[in-house]
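Report on the following structure.
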Amino acid sequence: MSGDLFVRAWHVAQVQGERLISDTGPGFPHVTEGGRWRRLMAEISGRWSEQGWSHGNWTAGFSMGFLWRLYEHTGDARWADAVASRLPELEPRAGDLNTHDIGFLFWPSFGLGAELTGDAHLRAVGLRAARTLASRLQPGGYLAAWGPLEDRRARESSTIDTMMNLPLLWWSGDAALREVARAHALTASRTYFRPDGSTYHRLRFDPDTGTVLDRGTFQGMSAGSCWSRGQAWAIAGFGRAWRETCDSALWAAANRAADYFLTRLGERAVPPWDFADTDPRAPLDSSAAVIAAHGLMDLERYGEARRLLSSALATCLNVGDDDGLLLHACYSRPHNEGVDSAVIWGDYFTLACLGRVSDSPASPRRSVMI
Ligand code: GLY
């Protein structure tokens, strides 16, 4: 049964990929509104305002990664050509000192592209972005999340999402940059977890000592709740960190995050946006499901990964005329943005998971890992 669903999902992905490449912008798909992609210009960086932090465009890399995964799956150079024509718009962000999201922007675009094509320019730009990300390391042993480092708010800031920006550093192959990733991952493994295995979304650290000043949330329901996508970033981020380092503390962190996620999910196909929202009509976040499935694959928990992916596709695969591959995701409930939408990172992780499943539930297929 799952096999048919996976074939169907690849088919829908190609239909959606055609839409992405026939619509040449301006801007890159972010989340859907009224069934159509809302586009953001690549150059919009994050910033602090009186209302707090605004992420800017942190998602442009995922539409590029979506097309790269279609290229990997089909071998059709049209997908690669389409990416190549758009990457110059993203390239200037390689020097963006405002945000940890440089990882999300560059590993699915330049990093994955370099792996798939061997292109030296893609590799060089990806490495420049990796050095920019690593420059956010604080003496306290973590990567600052939000804002230019002259601002103390930026130096103190940290989010669980950073764990899945680290693949840019793992990919770099540079020992010093990989050491930065390891330092961040170990600090996060010690500081983000509650005793039950759930994670906080946001911490504030003393930048010099790494002492936690406070714990809270930005996109979750409350400081004490568990934002389901944050938990999924933890599974995937610690899972990848373990694969890259073989450090048992990171293995334990990833599995704690996974156990909590799967226990709270129970028999449901897709998690609510926040596990504390017990309203049966609470918005779902299908992107959390596929990010978690990706992490479970890194942890070699293939049966659980496959179940999660199959359930998400069975309930959220787009079979209509809307934009997007996977419906019923939630960008941010508190900001009322992208609620019950397709989100481009959810579409990317769906394809990344599909690239790793095969007809046999026990044995994964080989797809480029990043
Ligand atoms: N900023 C990453 C996320 O919304 O998951």
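Counting convention: from 1, in listed order, for ligands and their atoms alike. Bear in mind that the values here come from a model prediction, so they are computed numbers and not experimental data.
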Is there side-chain contact between Ser158 and Arg202, with heavy atoms separated by less than 4.5 Å? no

Donor-acceptor side-chain pairing of Arg93 and Asn57 below 3.5 angstrom: no

Below 4.0 Å from any atom of ligand 1, is there a heavy atom belonging to Trp345? no

When you measure from atom 1 (N) of ligand 1 to every protein heavy atom, which one gives the shortest distance, and what is it? Asp161 OD2, 3.1 Å

Centroid separation Phe62 to His30 less than 6.0 Å: no

N/O to N/O below 3.5 Å, does that happen between Trp58 and ligand 1? no

Just checking, is any N or O donor in the side chain of His121 or Glu91 under 3.5 Å from an acceptor N or O on the other one? yes

With atoms numbered from 1 as shown, which atoms in ligand 1 lie under 4.0 angstrom from a non-hydrogen atom of Tyr331? 4 (O)

I'd like to know whether ligand 1 has Phe218 as a neighbour, heavy-atom separation below 4.0 Å. no

Taking N or O atoms only and a 3.5 Å limit, does Arg229 qualify as a polar contact for ligand 1? yes

Looking at Tyr331 versus Trp345, is the centre-to-centre ring distance below 6.0 Å? yes

So, regarding Gln219 and ligand 1 (criterion: nitrogen or oxygen to nitrogen or oxygen, under 3.5 Å), is there a contact or not? yes

Taking the ring centre of each residue, are Trp233 and Phe104 less than 6.0 Å apart? yes

